[in-house]
Amino acid sequence: MKTALSIAGTDPTGGAGIQADLKTMTLNGVFAMSVVTALVAQNTTGVTGIMEVSPEFLKKQIDAVFEDIRPDAVKIGMVSSFGLVEIIADRLKAYEAEHIVLDPVMVSTSGSRLIKEDAVEALEKWLMPLAEVVTPNILEAEILSGMTIRNEKEMEEAAKKISGTYGCAVLCKGGHNINDANDLLYADGSGTWILGERIINPNTHGTGCTLSSAIASNLAKGQGMEESVRNAKRYISGALAAMLDLGAGRGPMDHAYYIHGLTGREL
């Protein structure tokens, strides 16, 4: 069995963060492992607290994984401070990690800021150049490119700039009144629109975590970049279309939708 590692923060309600990553990786056919960057007190309505692990303990976690069960792919999610970014970059380079998928989490679905200012600079300096693909939403792509994005043409320009600056593929996710289903994959000097099914569902908690984890899972299994992205989008469309409705805010998706569809929601 292929393996994948999530390096991210937690979500005690299970819709985002490491909990969503582990569900996604498992249901996409790889053995899922995790390294916790922070304990996050959050639910579908927002974030009320963040307690980071120390850089020293983060290093111990990463070493524990790589020295025993080497991951075939690594997904990086929420990393909120400079010191943690530095440790992740150092250890991934030391172990020559492959298939790194970076979801540059900066703001939660509910609007809560999840990263300190100095961590953004560290992420750009150390983690972006290590990534095989980064998966920013529109707001994150604006920060990484230094551009304003108001339409599809500007999405293409921003993705091209990010890819050229950091030497990685870029999946610029639609939304924010530009489009809410179609994403732009910019890789190897050209852009490809990955069309998605438009699903009217207000419960989108953890969509970014889920998509990036599904891409990492597919890369771990040996799929190419475009194939990995297309299959990940199909998976997330199914999870959204299941119309799970939990929580008082933007609820989570049904990560196990195809199991439930076969065996009944009572599971």
Side-chain angles (χ1 to χ4, degrees), residues 1-8 20-33 65-66 69-77 88 92-93 95-105 127-137 140-141 144-145 152 155-175 179 181-197 207-240 253 255 257-258:
M1 178 177 282
K2 296 298 184 179
T3 61
L5 169 66
S6 166
I7 303 176
D21 295 344
L22 294 176
K23 294 175 188 178
T24 299
M25 290 171 176
T26 299
L27 288 156
N28 279 272
V30 298
F31 184 81
M33 302 178 287
V65 173
F66 274 89
I69 304 175
R70 181 179 176 85
D72 294 300
V74 179
K75 173 262 172 80
I76 305 171
I88 293 170
L92 293 184
K93 284 192 289 187
Y95 289 112
E96 299 181 345
E98 299 173 302
H99 298 313
I100 298 172
V101 179
L102 174 62
D103 184 18
V105 179
L127 287 185
M128 295 282 290
L130 292 180
E132 183 172 352
V133 60
V134 296
T135 61
N137 60 27
E140 292 156 352
L144 294 172
S145 66
E152 292 185 353
M155 279 180 70
E156 293 173 352
E157 293 171 353
K160 180 179 180 179
K161 183 176 180 180
I162 295 168
S163 180
T165 300
Y166 301 104
C168 57
V170 179
L171 182 67
C172 190
K173 297 176 291 191
N179 61 55
N182 301 332
D183 301 333
L184 174 68
L185 175 63
Y186 194 93
D188 300 321
S190 64
T192 302
W193 282 96
I194 310 293
L195 307 184
E197 178 184 359
T207 50
C209 304
T210 299
L211 181 63
S212 55
S213 292
I215 293 170
S217 301
N218 294 333
L219 290 172
K221 292 184 292 186
Q223 296 177 13
M225 181 60 66
E226 185 175 335
E227 182 185 11
S228 293
V229 172
R230 290 188 184 278
N231 287 336
K233 279 185 68 67
R234 275 193 284 271
Y235 169 73
I236 201 170
S237 293
L240 284 167
M253 298 168 291
H255 292 89
Y257 67 93
Y258 57 84

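- Listed here is the closest heavy atom pair of V170 and V133: N-CG2, 4.3 Å.
- Rounding to the nearest 0.5 angstrom, the gap separating the CG atom in L5 from the CG atom in L92 is 8.0 Å.
- Between F66 and Y95, the ring planes are parallel. Angles under 30° get that label, and only those over 60° would be called perpendicular.
- Here the shortest heavy-atom pairing between D103 and C209 reads OD2-N, 3.8 Å.
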- Task: Would you check, one step at a time, whether the test salt bridge (Lys or Arg N to Asp or Glu O under 4.0 Å) holds for R230 with D183?
- Result: CA-CA 10 Å; R230 290 188 184 278; D183 301 333; over 6 Å; no
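- Residues T26 and A32 come closest through the heavy atom pair OG1-CB, 3.9 Å.
- In summary, the side chains of S6 and K75 do not present any donor paired with an acceptor at a separation below 3.5 Å, with no hydrogens or angles considered.
- Checking E227 against N218 by side-chain atom types alone, no donor-acceptor pair falls below 3.5 Å.
- Here the NE2 atom belonging to H99 is positioned 8.0 Å from the OG atom belonging to S228, to the nearest 0.5 angstrom.
- Applying the side-chain hydrogen bond (donor to acceptor under 3.5 Å, both in side chains) rule to T3 yields the partners D72; only residues at least two apart in sequence or on another chain are considered.
- A pairwise comparison of heavy atoms in L27 and H255 identifies CD1-O, 3.1 Å as the closest pair.
- With values rounded to the nearest 0.5 angstrom, L102 atom CG is found 8.5 Å from L144 atom CG.
- Of all heavy-atom pairs between T192 and E226, the closest is CG2-OE2, 4.0 Å.
- Separating the OG atom in S212 from the CD1 atom in I236 is a distance of 8.5 Å, to the nearest 0.5 Å.
- Side chain of Y186 to backbone of C172: no donor-acceptor contact under 3.5 angstrom is found.
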- Query: Does the pair T135 and V101 meet the rule for a side chain to side chain contact (heavy atoms under 4.5 Å, CB included), with working shown?
  - Reply: CA-CA 8 Å; T135 61; V101 179; 4.3 Å; yes
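- Contact record, A232 with L211: CB-CD1, 3.8 Å, taken as the closest heavy-atom pair.
- At a threshold of 4.5 Å between non-hydrogen side-chain atoms, the residues L219 and M225 count as touching.
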- Message: Please evaluate residues M128 and I162 with respect to the criterion side chain to side chain contact (heavy atoms under 4.5 Å, CB included), reporting the C-alpha separation (whole Å), side-chain torsions for both, the decisive distance (0.1 Å), and the verdict.
- Response: CA-CA 9 Å; M128 295 282 290; I162 295 168; 3.7 Å; yes
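- Remark: side-chain polar atoms of K233 are paired, donor with acceptor, to backbone N or O of A181 under 3.5 angstrom.
- In F31, the CZ atom is not crowded: 12 or fewer heavy atoms of neighbouring residues, nucleotides or ligands sit closer than 6.0 Å.
- Checked by atom type and distance alone, the side chain of T165 pairs as donor or acceptor with a backbone atom of K161 at under 3.5 Å.
- For the atom pair OG of S145 and NZ of K160, the computed distance is 13.5 Å after rounding to the nearest 0.5 Å.
- Of the possible donor and acceptor atoms, none in the side chain of N28 sits under 3.5 Å from a partner among the backbone N and O of S217.
- With rounding to the nearest 0.5 angstrom, the OG1 atom of T210 is 10.5 Å from the CE atom of M25.
- By the 4.5 Å heavy-atom criterion applied to side chains, I76 and L127 are counted as neighbours.
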